[in-house]
Amino acid sequence: MPVARPETSDARVIAHVDMDCFYVQVEQRKQPELRGLPTAVVQYNEWQGGALIAVSYEARSCGVKRSMRGEEAKAACPEIQLVQVPVARGKADLNTYRSAGSEVVSILAQSGKCERASIDEVYLDLTDAAESMLADAPPEGLESIDEEALKSHILGMSREDGDDFKESVRDWICRKDADRRDKLLGCGIIIVAELRKQVLKETEFSCSAGIAHNKARSDFFSKLASGMNKPAQQTVVPYAAVEELLSSLPIKKMKQLGGKLGTSLQTDLGIDTVSDLLQFSETKLQEHYGINTGTWLWNIARGISGEEVQGRLLPKSHGSGKTFPGPRALRSLSNVQHWLNQLSEELYERLSSDLEQNKRIASTLTLHASAFRSKDSDSQKKFPSKSCPLRYGVTKIQEDAFNLFQAALREYMGPFGTKPQGNKKETWRITGLSVSASKIVDIPSGTSSIMRYFQSQSTIPSSSESGCPQEHVAMTPSASESCSEQKSAETEAAMPNKDISITDTSPDLDNSYGNMDMVPEKDASCQSSEAKEFPTQSGTQTKTIGRKINNSKEKNRGMPSIVDIFKNYNATPQSQQETREDSTVSLTSNRGNLSSSTNHSSEVNQEVEDRRETEWGYKVGEIDQSVFDELPYEIQREFRSFLRPNKRPNAGKSKGDGSASSSIAHYFSPLKR
DNA sequence: ACGGATACGACG
DNA sequence: TCGTCGTAT
């Protein structure tokens, strides 16, 4: 929800850049034959031709719209080219679009503070760049102005044809008597035109942009401009040009007002347009919508927004989900587990590459599901979300996700969970599942061995995820079946309760929701005592989850969480954040980027003691085993090399030196997870 | 019981 | 803090 922001003196230059029908462009770059043809990207081709998620401008002009089905699109535009979203693990796979988006971000981030707003949108704060241009090379001194800049739309300026128009744009940009704020915007026009050309050149993607002096305006007007049904446009909002343009605008078109709040404005206050909104006093709005939303409303009606551009180039969470509409709804635990396994795999893959490319780790795993209960009054009841500390490793995530699901299911079913051998229709169906990872923090990147690890092993060995004997024990038969191929889904009955039950679900949950036949009971026989050595995790591992869920309720008994650890680290003077945001983030496909940081082999020889105490900002020895268990495998190895420096054989260096890491990996051999 | 998958921020 | 809700694309 919108919230009131402290006002900032607004002489800023903010751009909102929006890729034109992005997914289509990505596909067209892959298949250049499609360029210029009416094209749409579609997912799930089986039902009514799949759902359109991106539509090219050619197709739009045939009347094709997003949220049409493939078949409708064909009807509206018979020659339309439909390209399917890639599928992996039985679900849509958006990775190609994500990394294409990163390509764009890494270009745009070069010229100012940059915020990744979505997979295909960014905000730029170009104030500094514009100011220095105004100081050093103001437009009026230039003998020629970029053609692309001259194509800009200037709101409030009538658009005559051809050269006349460009002349007036030039005049506006170069006007000597302009307000300083508009002069800055003029510089913004030139900078953005340049950036867009660069994006086009380096990625082949075209984009549109809005340029204004705050986020709200640039966003809104870049949308407005792209509503003109033309790609590759840029629009500037002069300082004074707001009121007239805004006031006639239907309230529902404003960002954040497209939903319930906008409707409430209409029905409760009779506000239909921005000018209606202008009639209301700030306090009146606050009375109705609270202090934050109230003042926010008052402000945006006037085009005021103090929101800063966050210097954030990377997503704050990762998620993987799938819906199972109507008849495809999931009816058995084993089927749910199968899909959770698929989703968890994808999530883990993305976490791994985030770790590898950006040196970040996530610390919370959340499960969302949606469900309905047939044959029941309140079949609308929401399926609760559940979260727990995130442990790195595919099978860990899979187990945890499944456990979270079961915990949520118990809660969802409540008293009906106990199935009294009779009315069998009284049961759940799962219509959507998703797992997500959040609370992502930077890890210390100065430590050399992490860097070296990633240099030598550009990919995280998947072998470390399989082959652990205990894992098979922990896996239910139905789970292992469904892993290979989705079974008839009615294997439910064949699932012996006790096999799943390795997991020690928390007593808390067990007791509050009673016994349910479809939810496996705990099995005390499989619990082992705390492991004292690193290499063995199983046994205690599965136990951790239950305890963690429980723990979060009983106030984390003073144990430092992994988040705290890295928070502390990140808080140290060495301010990672800023340096990192500049340009060093390896956003994309360029894998080699890591090497830019310290990786001299000499570091290997530094005194381990010193590092152990200081480098991480806390004492390694104080870390609790279970905290350790949560860490990504690669980081664990890092720790291990601190804790047991003597175990590292000297021979490690003998081999071609400089690449001590591969040998380290070798000596702390197949520590299975 | 469909626009799908995904992300973010506010609120209680 | 967690979980829910709203919003957007």
Side-chain angles (χ1 to χ4, degrees), chain A residues 1-5 18-19 21-23 41-44 47-55 65-70 72-73 84-87 91-95 97-98 101 115-121 219 223 226 252-264 289-293 296 307 310 312 314-329 343 346-347 350 363-368 370-372 374 379-380 382-389 404 407-408 411 429-440 549 551-556 561 563:
Chain A
M1 236 60 52
V3 80
R5 285 272 162 192
D18 198 339
M19 307 307 295
C21 55
F22 189 46
Y23 292 6
V41 173
V42 78
Q43 65 187 3
Y44 299 136
W47 192 64
Q48 297 189 9
L52 271 52
I53 57 177
V55 181
K65 297 195 318 190
R66 204 169 9 154
S67 96
M68 272 182 170
R69 312 297 312 193
E72 300 174 68
Q84 280 185 253
V85 173
V87 171
K91 65 178 291 298
D93 178 3
L94 305 183
N95 280 329
Y97 310 122
R98 283 190 194 96
E115 175 180 338
R116 185 198 123 121
S118 78
I119 200 168
D120 72 336
E121 288 173 282
D219 168 89
K223 298 261 157 60
S226 68
K252 296 278 280 183
K253 295 254 178 190
M254 306 250 346
K255 179 149 178 162
Q256 301 284 291
L257 299 184
K260 300 199 173 183
L261 181 54
T263 305
S264 161
Y289 297 105
I291 178 78
N292 284 330
T293 306
W296 178 83
E307 216 182 314
Q310 308 295 325
R312 181 177 54 76
L314 300 170
K316 298 172 95 169
S317 65
H318 300 288
S320 173
K322 178 167 175 60
T323 56
F324 307 95
R328 296 201 226 168
L343 299 174
E346 190 200 318
L347 180 61
R350 285 164 58 192
S363 53
T364 301
L365 175 71
T366 306
L367 175 126
H368 300 273
S370 52
F372 68 87
S374 56
S379 61
Q380 308 291 30
K382 305 268 185 234
F383 201 92
S385 305
K386 293 286 166 202
S387 59
C388 71
L404 290 171
E411 194 174 316
R429 310 233 166 148
I430 298 302
T431 54
L433 283 177
S434 89
V435 292
S436 56
S438 58
K439 297 191 184 147
I440 303 180
I549 293 175
N551 251 2
S552 58
K553 292 193 173 180
E554 64 174 55
K555 279 293 185 271
N556 263 348
S561 106
V563 194

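Every chain is numbered from 1, with letters handed out A, B, ... down the list of sequences. All heavy atoms count here, side chains included; hydrogens, waters and symmetry mates do not.
At least one side-chain nitrogen or oxygen of A:Ser385 sits closer than 4.0 Å to the OP1 or OP2 atom of C:dT4. The side chain of A:Asn292 contributes an N or O atom lying less than 4.0 Å from OP1 or OP2 of B:dC11. Look at A:Arg312 and you'll find a side-chain N or O under 4.0 angstrom from OP1 or OP2 of B:dC8. Taking only side-chain nitrogens and oxygens, A:Ser320 never comes nearer than 4.0 Å to OP1 or OP2 of B:dA5. Residue A:Lys260 places at least one side-chain N or O under 4.0 Å from the OP1 or OP2 atom of C:dG6. In this model, the phosphate group of B:dC8 is not approached by any side-chain N or O of A:Lys255 to a distance below 4.0 Å at OP1 or OP2. The side chain of A:Arg98 places no N or O atom within less than 4.0 Å of a non-bridging phosphate oxygen (OP1 or OP2) of B:dA5. Listed pair A:Tyr23 / C:dT9 fails the phosphate criterion, with no side-chain N or O lying under 4.0 Å from OP1 or OP2.
Considering only side-chain atoms of A:Lys316, the nucleotide from B:dC8, B:dC11, C:dC2 that sits closest is B:dC8. The side chain of A:Thr293 sits closest to B:dC11 out of B:dC11, C:dT9, B:dG4.
Taking atom OH on A:Tyr289 and atom C1' on B:dC11, their separation rounds to 16 Å, with Å as the unit. Taking atom CD on A:Gln48 and atom C1' on B:dG4, their separation rounds to 15 Å, with Å as the unit.
Among the atoms of the strands shown, only primed sugar atoms or phosphate atoms (P, OP1, OP2) are found under 4.0 Å from some heavy atom of A:Thr323.
Using a 4.5 Å cut-off on side-chain heavy atoms (C-beta onward), A:Leu365 and A:Leu347 make contact.
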Given Watson-Crick and G-U pairs under 3.5 Å, DNA chain C in dot-bracket ([ ] crossing, | other strand) is .||||||||
- Task: Please report the C-alpha distance between A:Leu257 and A:Lys252 in whole Å, then the side-chain angles of each, then the deciding distance to 0.1 Å, and finally whether the side-chain contact (heavy atoms from CB on, under 4.5 Å) criterion is met.
- Result: CA-CA 5 Å; A:Leu257 299 184; A:Lys252 296 278 280 183; 5.9 Å; no
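Both A:Pro327 and A:Arg350 lie near DNA chain B, and the one whose nearest nucleotide falls closer to the 5' end is A:Pro327. Remark on DNA chain B: of its neighbouring residues A:Arg66 and A:Leu94, the 5'-side contact belongs to A:Arg66, judged by nearest-heavy-atom nucleotide.
If you take NE2 on A:His318 and CD on A:Glu346, they are separated by 11.0 Å, rounding to the nearest 0.5 Å.
Residues meeting the side-chain contact (heavy atoms from CB on, under 4.5 Å) test with A:Ile119, sequence neighbours left out: A:Tyr23, A:Tyr97, A:Arg98. For A:Thr431, the side-chain contact (heavy atoms from CB on, under 4.5 Å) test picks out A:Ala329, A:Ser370, A:Phe372, with sequence neighbours left out.
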